[in-house]
Enquirer: 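Sharing a structure with you now.
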Amino acid sequence: MSKGIAILGLLLIIVGLLPIWAVYLQPYVDLAMIVGYFNQNIYSLDLAGYVFTEVMLGLVGFGVLLLIIGAVK
């Protein structure tokens, strides 16, 4: 069960960072329709030149939490 929690955490981190990677993945797949849902115009934070929205921060934060819980168990 702990491996599953850790894998779910990694998947949430990957999905949370998807809007940042969408620029680099654009020649291969168009993610413009999906990336639009990540910005709900409630909160955004500029970190290292990238804009992290509330959905991105929530997914990455919860993913890191699940990854730590899965690794400790």
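Hydrogens, waters and symmetry mates are skipped; everything else that's a heavy atom, side chains included, is used. Note that the numbering runs from 1 along the sequence shown for the chain.
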Enquirer: OH of Tyr50 to CG of Leu47: how many Å apart, nearest 0.5 Å?
Expert: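 If we round to the nearest 0.5 Å, Tyr50:OH and Leu47:CG are 11.5 Å apart.
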
Enquirer: Of the non-hydrogen atoms in Met56 and Pro19, which two are nearest, and what is the gap between them?
Expert: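 Heavy atoms only, the tightest pair is SD-CG, 3.8 Å.
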
Enquirer: What residue among Asn39, Val35, Leu45 forms side chain to side chain contact (heavy atoms under 4.5 Å, CB included) with Thr53?
Expert: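 One option only clears the test, and that one is Asn39.
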
Enquirer: Answer yes if Ile13 and Val72 sit in the same cluster of Ile, Leu, Val, Met, Phe, Trp and Tyr residues linked by side chain heavy atoms under 4.5 Å apart, and no otherwise.
Expert: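 Yes: a chain of side-chain contacts under 4.5 Å links Ile13 to Val72.
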
Enquirer: Write down the atom of Ser44, the atom of Val51, and the distance for their closest heavy-atom approach.
Expert: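 Minimum heavy-atom contact is CB-CG1, 3.9 Å.
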
Enquirer: Is it possible for you to say whether Leu11 and Ile69 belong to one hydrophobic cluster, with membership spreading through side-chain heavy-atom contacts below 4.5 Å?
Expert: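 The answer is no; the residues belong to distinct hydrophobic clusters.
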
Enquirer: Atom CG in Leu65, atom CD1 in Ile5: separation rounded to 0.5 Å?
Expert: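 Here the interatomic distance stands at 10.0 Å.
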
Enquirer: Is there a path of hydrophobic side-chain contacts, each under 4.5 Å between heavy atoms of I, L, V, M, F, W or Y residues, that connects Tyr28 with Trp21?
Expert: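 They do not share one cluster, since no chain of ILVMFWY contacts under 4.5 Å joins Tyr28 to Trp21.
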
Enquirer: Roughly how far, to the nearest 0.5 Å, is the CZ atom of Phe62 from the CG atom of Leu8?
Expert: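 Separation between the atoms: 7.0 Å.
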
Enquirer: Supply the atom-to-atom distance Ile7 CD1 to Ser2 OG, rounded to the nearest 0.5 angstrom.
Expert: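 One gets 9.5 Å once the value is rounded to the nearest 0.5 Å.
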
Enquirer: About how many Å separate CD1 of Ile14 and CG of Leu10, when rounded to the nearest 0.5 Å?
Expert: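 The CG atom of Leu10 sits 6.0 Å away from the CD1 atom of Ile14.
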
Enquirer: What's the shortest heavy-atom distance between Val55 and Tyr37, and which atoms?
Expert: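 Shortest heavy-atom separation between Val55 and Tyr37 comes out as CG2-O, 4.4 Å.
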
Enquirer: Are Met1 and Lys73 close enough that some pair of their side-chain heavy atoms sits under 4.5 Å apart?
Expert: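 Heavy-atom side-chain distance check fails, nothing below 4.5 Å.
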
Enquirer: Closest heavy-atom contact between Leu59 and Val15?
Expert: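 Looking at all heavy atoms of both residues, the shortest contact is CD1-CG1, 4.0 Å.
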
Enquirer: For the backbone of Glu54 and the side chain of Gln40, can you confirm whether one donor and one acceptor N or O come within less than 3.5 Å of each other?
Expert: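 Side chain of Gln40 to backbone of Glu54, a donor-acceptor pair under 3.5 Å: no, none is there.
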
Enquirer: Counting C-beta onward and ignoring hydrogens, is there a side-chain heavy-atom pair between Ile68 and Val64 closer than 4.5 Å?
Expert: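 They are in side-chain contact.
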
